[in-house]
Engineer: 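Got a structure for you, questions after.
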Amino acid sequence: MPASLVVWVLTALLLVGVLTQRWWEPRLAARGIPVRRWPWRWWLVGYPGTTLRIFSTWRRLAHLNGLSVSTSPDRRVIGRDLVVQGQALRPKPPRLSWPAPTKNGLTLRVLLHPGQTPAPYFTAARAMEHAWHVHGVRVTSPRRGQVLIHVTALDPLTGDVPPVRAPAEALLSADVGRIEDGDSWVIDLRRIPHWLITGATQSGKSSLLAALVLALAPQPVGLVGIDCKGGMELGLFSGRFSALAIDRTQAAGLLADVVEEIQARMRVCRAAGKRSVWDLSEHLRPVPLVVIVDELAELYLTDGSRESKDEAEQCGTLLLRVAQLGAALGVHLVIAGQRVGSDIGPRVTALRAQLGGRVAHRAHDEASAEMTLGDINPDAVITAQNITEDEQGVAVVAMGGRWMRARSHLVATADVTEIARTDPPANPFLTQPDPVTFEKGGAAA
Ligand SMILES: Nc1ncnc2c1ncn2[C@@H]1O[C@H](COP(=O)(O)OP(=O)(O)OP(=O)(O)O)[C@@H](O)[C@H]1O
């Protein structure tokens with residue numbers, strides 16, 4: 001059989017497959033065959049099908065969303081609302097490049113008409129998702145006169161996420177999950193020193209903390225835990241923690257120790273004439289410390305008595321001091337909680353402003369996502385509000401001007417046991433604090 005005939009037959013089969021996809025795919029899925037998850041499905045039918053759909057709908061989509069430029073023989077007008085008297089408008093859609101396939105989607109380049117800005121394309125992203133039947137469309141404009149349309153065909157964050165052992169990373173950098181374009185989700189504490197993790201109960205906060213501990217455990221990093229839910233979450237990794245507080249009184253003492261440690265590190269830097277521990281020579285540099293707080297609100301709860309109010313006030317002040325002073329001295333904060341509003345305690349909003357990295361899981365109410373993301377990336381709030389109950393572990397991650405959807409790795413029980421048996425680095429503190437400690441294996445000392 002001549003080679004050209006083979007190519008024709010294969011192309012015809014592919015075309016039939018693409019055109020009948022809506023018929024055969026649900027039927028196979030109903031029989032328990034996970035067609036949508038097959039890795040080659042995207043290349044064989046997904047990509048050609050989506051490309052066909054994009055080109056067949058582009059003219060109409062551009063017209064309805066104000067992306068076309070309307071021309072008439074003697075006049076040229078921009079937009080779809082302006083009608084030239086007596087002349088039939090001829091909407092001309094912007095030029096679209098051939099879609100470049102990616103792992104789970106494709107990318108298109110659009111040349112803007114003179115006089116156009118990328119703004120209407122940003123607004124049209126939702127319309128594109130619906131017209132092309134894809135999971136997500138993100139529009140960026142990396143170059144003047146062009147926009148890039150990034151299409152994600154299937155949501156890589158849904159379905160079963162196998163437990164993953166994070167690969168070794170640079171110091172203070174932790175692979176904690178994956179982001180929606182399929183790449184690793186890396187929390188880099190050197191770049192963004194303090195993080196806030198929020199979400200409703202059972203949304204995946206503690207699992208993310210576990211993924212962080214798992215990734216940091218092999219590194220020469222001191223872990224300090226505050227888990228006022230009686231140590232139920234962080235206590236599982238107790239052996240690896242250099243100090244762990246399991247109630248508020250212990251937390252206040254531990255935070256005071258951390259502030260003292262920060263002051264000791266300041267003295268070392270001052271003596272060496274350096275502005276940060278990272279400028280010190282390696283033999284002088286203290287071990288970086290990561291203070292992990294699970295359920296922030298527990299630190300602020302009071303029974304109305306003077307003592308408990310004072311203790312809550314003290315915790316708030318100490319946490320704020322750690323956040324304000326710690327970054328340059330190798331002391332990092334990762335705080336998890338359901339809400340971070342001014343209603344939970346004194347100085348919470350000041351603390352929130354110091355936490356540059358934000359992770360918002362599914363929230364109980366609109367205000368909670370707004371509190372986490374609203375001040376640094378308002379666009380991300382709507383996406384966070386759309387996370388459903390089935391999407392445990394899925395979150396919106398925002399830092400600086402960027403944000404993305406991501407999902408944490410689910411840490412396997414075997415890994416938890418192994419971390420609990422790992423030794424913390426020797427002498428992570430320059431000072432000699434008297435921290436709360438746990439016996440290996442999780443029993444309180
Ligand atoms: N990345 C993930 N992938 C799959 N399932 C997950 C993921 N993260 C969390 N889950 C599931 O969600 C459940 C709740 O997660 P987790 O305990 O982390 O929530 P939480 O927000 O800490 O809840 P709480 O505030 O009640 O402690 C877990 O038992 C786990 O089964």
Side-chain angles (χ1 to χ4, degrees), residues 34 37 154-167 174-187 195-216 225-238 244-248 251 292-301 334-341 344 348 355 357-365 367-369 371-373 383-397 404-417 419-420 442:
R37 294 278 151 208
L154 278 182
D155 186 0
L157 305 180
T158 54
D160 290 340
V161 184
V164 178
R165 178 172 276 283
D175 176 341
V176 292
R178 54 182 169 156
I179 49 181
E180 63 186 333
D181 65 6
D183 283 347
S184 294
W185 170 17
V186 176
I187 290 187
W195 285 77
L196 172 65
I197 298 165
T198 62
T201 135
Q202 296 294 295
S203 60
K205 302 179 297 294
S206 304
S207 301
L208 173 56
L209 291 183
L212 181 70
V213 172
L214 176 69
L216 292 177
I226 294 176
D227 178 0
C228 295
K229 291 190 280 185
M232 280 192 309
E233 303 287 354
L234 300 181
L236 298 174
F237 312 103
S238 55
L244 180 69
I246 60 163
D247 61 35
R248 201 185 39 210
I292 300 178
V293 182
D294 197 356
E295 204 37 80
L296 177 71
E298 290 289 326
L299 289 179
Y300 294 94
L301 278 184
V334 179
I335 295 183
Q338 299 197 17
R339 288 168 67 81
V340 278
I344 70 166
V348 171
L355 310 175
R358 308 285 175 88
V359 181
H361 292 89
R362 173 180 56 82
H364 279 307
D365 51 57
S368 300
M371 280 173 204
T372 312
L373 302 169
T383 309
Q385 284 166 351
N386 286 327
I387 299 173
T388 63
E389 287 204 8
D390 305 331
E391 297 177 295
Q392 286 170 316
V394 174
V396 171
V397 186
M404 60 229 174
R405 271 175 88 248
R407 190 175 198 183
S408 57
H409 297 310
L410 198 52
V411 177
T413 320
D415 285 329
V416 174
T417 319
I419 303 169

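One-based numbering, in listed order, for ligands and for the atoms of each. When a residue number appears, it is its place in the shown sequence, counting from 1.
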Engineer: Could you list the atoms of ligand 1 found under 4.0 angstrom from a heavy atom of Ala200?
Structural biologist: 21 (O)
Engineer: Distance under 4.0 Å to a non-hydrogen atom of Gly393: what atoms of ligand 1 satisfy this?
Structural biologist: 1 (N), 2 (C), 7 (C), 8 (N)
Engineer: Quick one: closest heavy-atom pair of Ser184 and Asp175, and the distance?
Structural biologist: OG-OD2, 3.3 Å
Engineer: Using side-chain contact (heavy atoms from CB on, under 4.5 Å) as the criterion, list what pairs up with Ser368, not counting sequence neighbours.
Structural biologist: Arg339, Ala363, Asp365
Engineer: Considering only heavy atoms from C-beta outward, does the side chain of Val394 approach that of Arg405 to under 4.5 Å?
Structural biologist: yes
Engineer: Using a 3.5 Å distance criterion without hydrogens, assess whether the side chain of Arg407 forms a donor-acceptor pair with backbone atoms of Gln392.
Structural biologist: yes
Engineer: Does the N or O separation between Gly204 and ligand 1 drop below 3.5 Å for any pair?
Structural biologist: yes
Engineer: Short list, please: which atoms of ligand 1 are under 4.0 Å from a heavy atom of Glu233?
Structural biologist: 27 (O)
Engineer: Can you name the atoms of ligand 1, numbered from 1 with element, that are less than 4.0 Å from a heavy atom of Ser206?
Structural biologist: 18 (O), 20 (P), 22 (O), 27 (O)
Engineer: For Lys229, counting its heavy atoms only, list the atoms of ligand 1 lying under 4.0 Å from any of them.
Structural biologist: 27 (O)
Engineer: Identify, by atom number and element, the atoms of ligand 1 in contact range of Ser207, meaning under 4.0 Å from any of its heavy atoms.
Structural biologist: 8 (N), 9 (C), 15 (O), 16 (P), 18 (O)
Engineer: Backbone or side chain, does any N or O of Gln392 fall under 3.5 Å from an N or O of ligand 1?
Structural biologist: yes
Engineer: Any side-chain heavy atom of Leu208 sitting closer than 4.5 Å to one from Trp185?
Structural biologist: yes
Engineer: Quick one: which of Val394, Leu410, Asp390 has a heavy atom closest to atom 5 (N) of ligand 1?
Structural biologist: Leu410
Engineer: Which atom pair, heavy atoms only, marks the closest approach of Gly225 to Leu234?
Structural biologist: CA-CD1, 3.9 Å
Engineer: Does a side-chain heavy-atom distance below 4.5 Å link Val334 with Val293?
Structural biologist: no
Engineer: If you measure every N/O of Ser203 against every N/O of ligand 1, is any gap under 3.5 Å?
Structural biologist: yes
